[in-house]
Amino acid sequence: MPSYNPKAIEPRWQQYWLTNKTFRTTDSPDRPKLYVLDMFPYPSGAGLHVGHPEGYTATDILCRYQRMRGKNVLHPMGWDAFGLPAEQHAINTGEHPHINTQKNISNFRRQIQSLGFSYDWDREVDTTDPNYFKWTQWIFLVLFDTWYDHDAKKGRPISELPIPPGVVGEDAIARYRDSKRLAYQAEVPVNWCAALGTVLANEEVIDGKSERGGHPVVRMPLRQWLLRITAYAERLIEDLDGLDWSDSIKGMQRNWIGKSEGAEVDFALSGGATIRVYTTRPDTLFGATYMVLSPEHALVPSITTPEQRAAVEAYQLAASRKSEFERTELAKTKTGVFTGAYAVNPVNGERIPVWIADYVLATYGTGAIMAVPAHDERDFEFAKTFSLAIRTVVTPSLEWLSRTGSTADVLTEAYTEDGLACNSGLLDGLTTDTAKAKITAWLREKGLGTRKVNYKLRDWLFSRQRYWGEPFPILHEIDADGNSTGRIEPLSPQELPLTLPELADFKPSGRPEPPLGKATQWVNVTRNGRRYKRETNTMPQWAGSCWYYLRYIDPKNEKAFADPQKLRHWLPVDLYVGGAEHAVLHLLYSRFWHKVLYDRGYVSMPEPFQKLVNQGLILGEVEFTGFQSNGEWVSGKNVKFDGATAKRDDRTQEELTLVKLPEDQVEKIGDQFALKGRPEIRVDARAYKMSKSRGNVINPDVVIDQYGADSLRLYEMFMGPLEATKPWNMRGVDGVSRFLGRVWRLFIDDRSESVQLNDTVQDVPAARDTLRELHRAIQKVTDDLDAMRFNTAIAAMMELTNHLTPLNVRPRSVLETLVLLLAPFAPHLAEELWQALGHSQSLAYEPWPVYDPALLVDTEVEVAVQIAGKIKARVMVQAGLDASALEATVMALPEVVALLQGKTVKKVIVPARGGLVNIVVA
RNA sequence: GCUGGUGUGGCGGAAUGGCAGACGCAGCGGACUUAAAAUCCGCAGAGGCGAAAGUCUCGUGGGGGUUCGAGUCCCCCCACCAGCACCA
């Protein structure tokens, strides 16, 4: 095996690491701990794509590096294996989802191991394993057993819930407790997706369609399990501050929770009822000229006048049938109906009409608003549509008036900025902030309103009408006739795990009745002489992934989800790496569960993931696309192209033929690409997200087969910064593969029959310049690894290799250090070379090289001489000259003297870092 | 619309306010070879002048500013990417 042959090297070392359990982690407290976590994958049938190894390689490099730095590293892997695709497969084939899931897991494990990652495989977890989901169910019971004490700002055991004096009797107390639990049932309007046969969380609905599959979703009321995540809204926002996460992810979480501050105000109706509204602009109360209730608002039936009843009911019915999508995305124009009722504006006693309209959401605030058309875009639009009064109560700036063509009395659009209040009685002349404070205090004094904080976040809809998920450990009591008594009974921890029953048929009914209902044997339970039906909903896929990082800490524990002492030792996760697609869902849910466990004393810190890094998306290869109509080229300038279809950007909207162009048939003109030789014919150039339909998916197996795992790893890290989105380029893999070949040839005689060191490798001291290059590389690689700059670390090793290649004699000590630097990145090659250098042990725990600062500096350095900011000369000077000596040397240079002839030197600047002198002339 | 981010050679990208383009890909020239591949050595931002050595000008999306000095800091604008979006 003379030349570099990853196929021969890599499987051998992978086997070595597995057999020797090289990366098994012990709970030894003698070394500092480091917990590095990858987002575990859903083991799909399609196998790994190149996006997975990106994050996994980054963390693997850091773990290998930190082990060499003496850290005790916890680095596990597992499977988020419940999920719809496996169940869909079961429906199609009749094969139990378990079988298919295990098959996919085996394939994922094989693929992941073929990349040489240093996971501790003894800690592997599988969310579908009863030994795992036993504890998922157990945590659900904790949620069920917890209520949120808003005064203490803490979740507490339900047994500590104070029962109000009015609540008497066993049943009433049980109902009261049930209504306060963090896991509770409610009849709520849900997102029902008929195609998937399940309801979806709000987070899983994008633009009115299911996140998975893009199927239509409709709203319907259903009894569901919910988790009271809203109780933790404030803490979920506050605790973001202490986390080392990107601003964008923190921003997305804050935005999702959607905190806003304002006031609740009561408007009296003529009939004696009051409508409570939420507003963030109480300062505009004098401008409220009408009110709007959501169509679902509880007061609508009672306040509607007989004349308006028919219209109101028709509108309510229409609104309830609309999907969320139709109510929001499609509704460009405002709709609504007058109820016939009038309310009294509490600040000025004015009688204002009460409408219903679906632009007011039942689920936010109080489900009712005061409409201030002059200062709210939606209200303005509505008022215009229905000719309602618009009254300016905040003075717009003159600039705004002239820009919008408005006058203070007649606005052409809503003025939503701050300003001085007007037409507002006691508020006149006050700034928006002051007016808000003043009116809120006034309302409070009169008992008409109060300050109020609201969140967009809603409780987490936690049940799914599917088979392949964790069953709820909950029993519903039934009476002799088989009807529910309304009492619910949790299983005791000793009864866990509650496993799934076998089913002959996995098909969802198309109606919201879970498939588990078909398992009558399983469903019907008698306990202590009472009859129960099991809960037939299952938990969503998020459940298992909410806490898997805890199980890794103690994966085999049968007494607890993990040993408290081990939890204290390993938490928090020091580094968590994964895709940004989980920015809101998984990370928010996980943080919520963690906080509940924290409140209940099961974990010792309030946040699970101290540092979070999102790897960027890897796109497919760049594609050049030209456009043709009847064989004639059409310039991309005149084309609307969405990546799939192209249309002429004119009245004809003619659909054009797409022509894939090879790179050598295009050229760049300015900042555009054009057909080669036809600069007027512009061509589209872009990289697309990898997708099966586009056919641009890169399979890691293929890359490993062709170039080896070390090359794949190295390429993915060399492409650019970890967090950036970047296009794949197979020639780049070729490049790093050639680099590894060059490293190989530094050591190995590639004309020999066996793996044998080159004659040029000798036990000699290194030359000064070689030492300098080596120590610079050590410094660069070390610093870059600490900052997760993998691409520049690799560049530094390439530079060192380029320095060593031409040498006729290569000092063994230098080569040994190079191998150690390379080891985290290309571990198979490094182990092989380490062995060739005569070592019999794995290098996984060799000490990381340390650089000597004294060796970094040159004896001579080049100094650039600028005159008036432009480089005019370069000179070699002795290293370490101080500023004045350097200035003197430079000023004495003949070419500098010549160039300064006839000019006055105003100032000479010598930066502290050296390397440059700037002579400022008058 | 709101929030966050990104704009640097043919391409991926590098650059604590101090020599823009490290490193790699693609390209060009050379060595080795009967030849090719592989490998090794070298050239390489754009443009002008020059036979050449050289030399000058322009250059980090656009416009302004701060500074001796700006890819980097500040203001305005443009384009693209991601997330959110009737949340009162």
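Hydrogens, waters and symmetry mates are skipped; everything else that's a heavy atom, side chains included, is used. Computed from a predicted structure; not experimentally measured. Note on naming: letters A, B, ... go to the chains in the order of the sequence lines (proteins, then strands), and numbering restarts at 1 for each one.
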- Taking OP1 and OP2 of B:rC11, is either one under 4.0 Å from a side-chain nitrogen or oxygen of A:Lys668? yes
For residues 733-740 of chain A, which side-chain donor-acceptor pairs fall under 3.5 Å, sequence neighbours excluded?
unit_1, atom_1, unit_2, atom_2, d
A:Asp734, OD1, A:Tyr707, OH, 3.1
A:Asp734, OD2, A:Arg738, NH1, 3.2

Minimal heavy-atom distance between A:Ile390 and A:Ala383, with the atoms involved, is CG1-CB, 4.0 Å
Of the listed B:rA88, B:rG10, B:rC19, the closest approach to the A:Phe673 side chain comes from B:rG10
Taking only side-chain nitrogens and oxygens of A:Tyr359, does any of them come within less than 4.0 Å of OP1 or OP2 of B:rA88? no
Scan A:Glu377 against the nucleic acid and name what it touches under 4.0 Å (heavy atoms): base, sugar-phosphate only, or nothing.
nothing
Between CD1 of A:Ile794 and C1' of B:rC25 the distance, given in whole Å, is 14 Å
The answer to which of A:Asn791 and A:Tyr364 contacts RNA chain B further toward the 5' end, by nearest nucleotide, is A:Asn791
Rounded P spacing from B:rC78 to B:rC86 in Å = 25 Å
inquiry  = When the P atoms of B:rC25 and B:rG42 are compared, how many Å lie between them, rounded to an integer?
reply    = 15 Å
With the side chain defined as heavy atoms from C-beta on, A:Ile369 is closest, among B:rU39, B:rG18, B:rA88, to B:rA88
For A:Tyr715, the ring-ring contact (aromatic ring centres under 6.0 Å, His included) test, sequence neighbours excluded, returns A:Trp728
| Pair A:Arg254-A:Asp241, salt bridge (Lys or Arg N to Asp or Glu O under 4.0 Å): steps then yes or no | CA-CA 11 Å; A:Arg254 283 201 190 94; A:Asp241 289 342; 3.1 Å; yes
Between CD1 of A:Ile871 and P of B:rU55 the distance, given in whole Å, is 13 Å
- Please check the phosphate of B:rG4 (OP1 and OP2 only) for any side-chain N or O of A:Arg254 closer than 4.0 Å. no
* Asked: Using the C1' atom in both, what is the distance from B:rC68 to B:rA14, to the nearest Å?
  -> 26 Å
* Looking at every strand, decide which applies to A:Lys870 at a 4.0 Å heavy-atom threshold: base, sugar-phosphate, or nothing. => sugar-phosphate
A:Met717 CE to B:rG13 P, in whole Å, measures 14 Å
How about A:Phe386 and A:Tyr290: are their ring centroids closer than 6.0 Å? no
Below 30° counts as parallel, above 60° as perpendicular, anything between as tilted: where do the rings of A:His586 and A:His582 land? perpendicular
Distance, C1' atom - from B:rU55 to B:rC77, rounded to whole angstrom: 38 Å
Separation of B:rC25 atom P from A:Phe718 atom CZ, nearest Å, is 8 Å
For a 4.5 angstrom cut-off between non-hydrogen side-chain atoms, does A:Arg742 reach A:Asn802? yes
So, A:Glu261 and A:Lys436, do they make that salt bridge, N to O below 4.0 Å? no
- Query: A:Lys456 near the nucleic acid: base, sugar-phosphate alone, or nothing, with a heavy-atom cut-off under 4.0 Å?
  - Reply: base
Minimal heavy-atom distance between A:Ser294 and A:Ile356, with the atoms involved, is O-CG2, 4.4 Å
From NE2 of A:His297 across to P of B:rA88 the rounded distance in Å is 17 Å
Please write out each protein N/O paired with an N/O of nucleotides 60-69 of chain B under 3.5 Å, distance rounded to 0.1 Å.
unit_1, atom_1, unit_2, atom_2, d
B:rC68, O2, A:Asn918, ND2, 2.7

Could you measure between the two P atoms, the one in B:rG7 and the one in B:rG12, and give it in whole Å?
-> 11 Å
- Task: Look at all strands and tell whether A:Asn454 reaches a base, only sugar-phosphate, or nothing, counting heavy atoms closer than 4.0 Å.
- Result: nothing
From OH of A:Tyr707 across to C1' of B:rG24 the rounded distance in Å is 14 Å
### Query
Would you say B:rA38 has OP1 or OP2 under 4.0 Å from some side-chain N or O of A:Ser3?
no
Regarding the side chain of A:Pro721, the nearest nucleotide among B:rA14, B:rC40, B:rA85 is B:rA14
Of B:rA15, B:rC23, B:rG18, the nucleotide closest to the side chain of A:Leu916 is B:rG18
With syn defined as a glycosidic angle within 90 degrees of 0 and anti as anything else, the base of B:rG9 is syn
- Look at the side-chain N and O atoms of A:Asn255 and state whether any lies under 4.0 Å from the OP1 or OP2 oxygen of B:rC2. no
> Using atom C1' of each nucleotide, how far apart are B:rU8 and B:rA20 to the nearest Å?
Replying inline: 8 Å
Check: Tell me, do A:Met690 and A:Val50 make a side-chain contact under 4.5 Å, heavy atoms counted?
Finding: yes
Residues passing the side chain to side chain contact (heavy atoms under 4.5 Å, CB included) test with A:Ser260, sequence neighbours excluded, are A:Tyr278, A:Thr280, A:Tyr364, A:Asn454
Side-chain contact check for A:Arg742: nearest option of B:rC23, B:rC19, B:rC40 is B:rC40
Looking only at B:rC23, B:rA14, B:rA85, the nucleotide nearest the A:Trp256 side chain is B:rA85
In whole angstroms, the gap separating C1' of B:rG13 from CG of A:Asp784 amounts to 14 Å
TODO: Please work out which of the three classes, parallel, tilted or perpendicular, describes the rings of A:Trp744 and A:Tyr4, given edges at 30° and 60°.
DONE: tilted
When rounded to whole Å, the CD to P distance for the pair A:Glu667 and B:rG27 reads 17 Å
Exercise for the section: Under 4.0 Å between any heavy atoms, over every strand shown, what does A:Ser246 touch: base, sugar-phosphate, or nothing? Just pick one. Expected result: nothing
### Task
Report yes if a side-chain nitrogen or oxygen of A:Asn802 is closer than 4.0 Å to either non-bridging phosphate oxygen (OP1 or OP2) of B:rG24; otherwise report no.
yes
Is a donor on one side and an acceptor on the other found under 3.5 Å between the side chain of A:Lys780 and the backbone of A:Met797?
no
Stems for RNA chain B (at least 3 consecutive Watson-Crick or G-U pairs, under 3.5 Å) come to B:1-7 with B:78-84, B:10-12 with B:23-25, B:27-31 with B:39-43, B:45-49 with B:54-58, B:61-65 with B:73-77
The correct set of residues in residues 723-739 of chain A placing a heavy atom under 4.0 Å from RNA chain B is A:Thr725, A:Lys726, A:Arg731, A:Gly735, A:Arg738
In short, A:Leu240 meets A:Leu236 closest at the heavy-atom pair CG-O, 3.3 Å
